Amino acid sequence: MDNWRDVNGIMQIYPRSYQDSSASNDGVGDLRGIISRLGYLKGEKDSLGIDAIWLSPIFTSPMHDFGYDVSDYKEIDPLFGTMQDFDDLLREAHARDIRVMLDFVPNHTSSEHQWFIEACKSRTNPYRDYYIFRDARPDGSPPNNWLSVFGGSAWQWHEQTKQYYLHSFLSQQPDLNWQNTAVQQAMADVLRFWFGKGVDGIRADAIRWMGKNIDLLDDPINSAFTAGQDPYHAVEHRYSRFSPELNGYLKIMTDVAREHDDKILIFEDHLDSLSPVESQIRRINSIDPEVAGAFNFEAMHRQFSARSFSEMINRYQAYLPAQARAFYCFSNHDESRLASRFGEKQARMLAVLQLTLPGTPVLYYGQEIGMRDGVISPEEVQDPFEKRVPNKGLGRDPARTPMQWSDEPMAGFTKLNRSWLPVNSDYVANNVRLQQHSNNSLLSLHKTLFNLRKQHHVLLHGEFKHLQTTSDIFMFERKGEERFIVVCNFSEQTAHVLLPHNLDCEAHVVAAAHNAAMVGEKVRDSVTLEALEALVLAC
Ligand code: NOJ
């Protein structure tokens, strides 16, 4: 594979839940476990054929937020293994031509990071300004009204030094002060360390919060907020995120990537009314669109309809500058699983859609077999978000249950009789081994689609052209040196679709979301799609 542009897709692995190795056998996934599953991803007869993996954080951490609270950015947490295990993983992955991305958490450290421990010693400690400490207001209340994503004020009182410190997430995740050039250099140094080791890319966590208003102005009250909603939305996050300095901080990171050949950074940068598509793309464009990209998470919050998906994709593609690329992400470790959100049939259809869109699609482990949200009883809850803001459906445990490898006990995830989160009860009927033996499984469909992307780079880089949107149908074309037409039927009814006259080609079906028997069928002027079918036609 020549460079990142030719990568056919990225698989997000949540290391705790992928594979527990027999060496540790503690009910928590680890690096040796991932190594043992690399052949599933690429390089063997039955492999999925995906070119890159992204590992959610594996660095030393007290695990209050399961690794998104880093206490040493240059060490591997013993729960996941050793640096030697990581080096082995990198080597084994590269031997299979799989690129490895790590999850970097620039906005905050763990409260157990040495920098924070030092910062807490006194107001004059050299590390004090690595974080954001401020005096209380005269009445003793926090410096402003900013909220923590995980509930309550974003300020925590530090009794010993009699000041508050800022934490946009848990109080165990103090925010770094990116205005401090020492912080900028220290974080650049971390990136240099991992790129130097041969890591191919970085997913940068929670970048929105890195830039906050220097004067710490109060966020405006959200007048549309209603009780029952996520309490974080009680204010509009106008000043606590996205300050104008943010782009400069991100540029520091892309500049480090530029010191090496062919590295990428993908920003976790959600869209909302204060940061619409236009400003995300402007941000990427002003930083370094050849190296940096942002996930497009919109599908996770969209209604399942042809018009909704068509509008989202057309708008995004229209804004994307030529040298930038899209990273469409339809599910991840923070949101309900695709098959649970939209339904199983719908998930098949969306697999065809996601893997025929331009750019580099990002999948979440288990998405390729249609894993569903797990059922987590109150005693089994692990997620700090659910613990702090309970019973609002915000908890992320359901999407993080162990990978379903086989119908063996514990789905083949661990040899122990328990795991950190329970294995989904449907694992006997839905697992990798079963799907590997079926030509019409969702896993086989993913293999077909990844293979198509591999064989036909026009699907990665070719022009995206919208052809038609109705209340049921979304149809588009990918063209360049070759030409593909993708037709998606979002309705539960059979649809007869006329192909545009000016297509002027005889096409044949190369992939079908449901009816694999259609593959090879010739199509000229029109095509019939069963409920929720999606077809890829090659001209
Ligand atoms: C976004 C991550 O995806 C999420 O899992 C984490 O809890 C927060 N950032 C805080 O790091």
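No hydrogens, no waters, no symmetry mates; every other heavy atom, side chains included, goes into these values. From a predicted model like this one, the values you see are computed outputs, not experimental measurements.
Counting heavy atoms from C-beta outward, His94 and Asp200 have side chains that approach closer than 4.5 Å. Counting heavy atoms from C-beta outward, Ile98 and Met11 have side chains that stay 4.5 Å or more apart. Residues Gln303 and Phe309 form no side-chain contact, since every pair of their non-hydrogen atoms from C-beta on lies 4.5 Å or further apart.
Ring geometry for Tyr364 versus His333: interplanar angle of 30 to 60°, hence tilted. By the 30° and 60° cut-offs, the orientation of the rings of Trp405 relative to Tyr18 is perpendicular. Using a 30° and 60° split on the angle between ring planes, His461 and His457 fall in the perpendicular class, above 60°. Classification of the Phe304-Phe342 ring pair by plane angle, with boundaries at 30° and 60°, yields tilted.
With respect to Asp51, the salt bridge (Lys or Arg N to Asp or Glu O under 4.0 Å) criterion is satisfied by exactly one of Arg453, Lys42, Arg99: Lys42. Each of Asp103, Asn107, Asp205 was checked for a side-chain hydrogen bond (donor to acceptor under 3.5 Å, both in side chains) with Tyr68, and the lone residue meeting it is Asp103.
Without hydrogens or angle criteria, Asp30 side chain to Asp20 main chain gives no donor-acceptor distance under 3.5 Å. With hydrogens and angles ignored, the 3.5 Å screen pairs no side-chain donor or acceptor of Asp472 with any backbone N or O of Phe490. Under the 3.5 Å distance criterion, the side-chain polar atoms of Gln468 are left unmatched by any main-chain donor or acceptor of Met475. Side-chain atoms of Tyr319 never come within 3.5 Å of backbone atoms of Asn314 as a donor-acceptor pair (strictly under, hydrogens ignored).
Remark: the Asn489 side chain and the Glu530 side chain contain no N/O donor-acceptor pair separated by less than 3.5 Å.
Taking a cutoff of 4.0 Å between a charged side-chain nitrogen and a carboxylate oxygen, Glu311 and Arg302 qualify as a salt bridge. Here Arg96 pairs with Glu44 in a salt bridge; the nearest charged N to carboxylate O distance falls below 4.0 Å.
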Does Leu535 form a side chain to side chain contact (heavy atoms under 4.5 Å, CB included) with Glu533? I'd like the steps, not just the answer. CA-CA 7 Å; Leu535 300 177; Glu533 183 61 279; 3.9 Å; yes
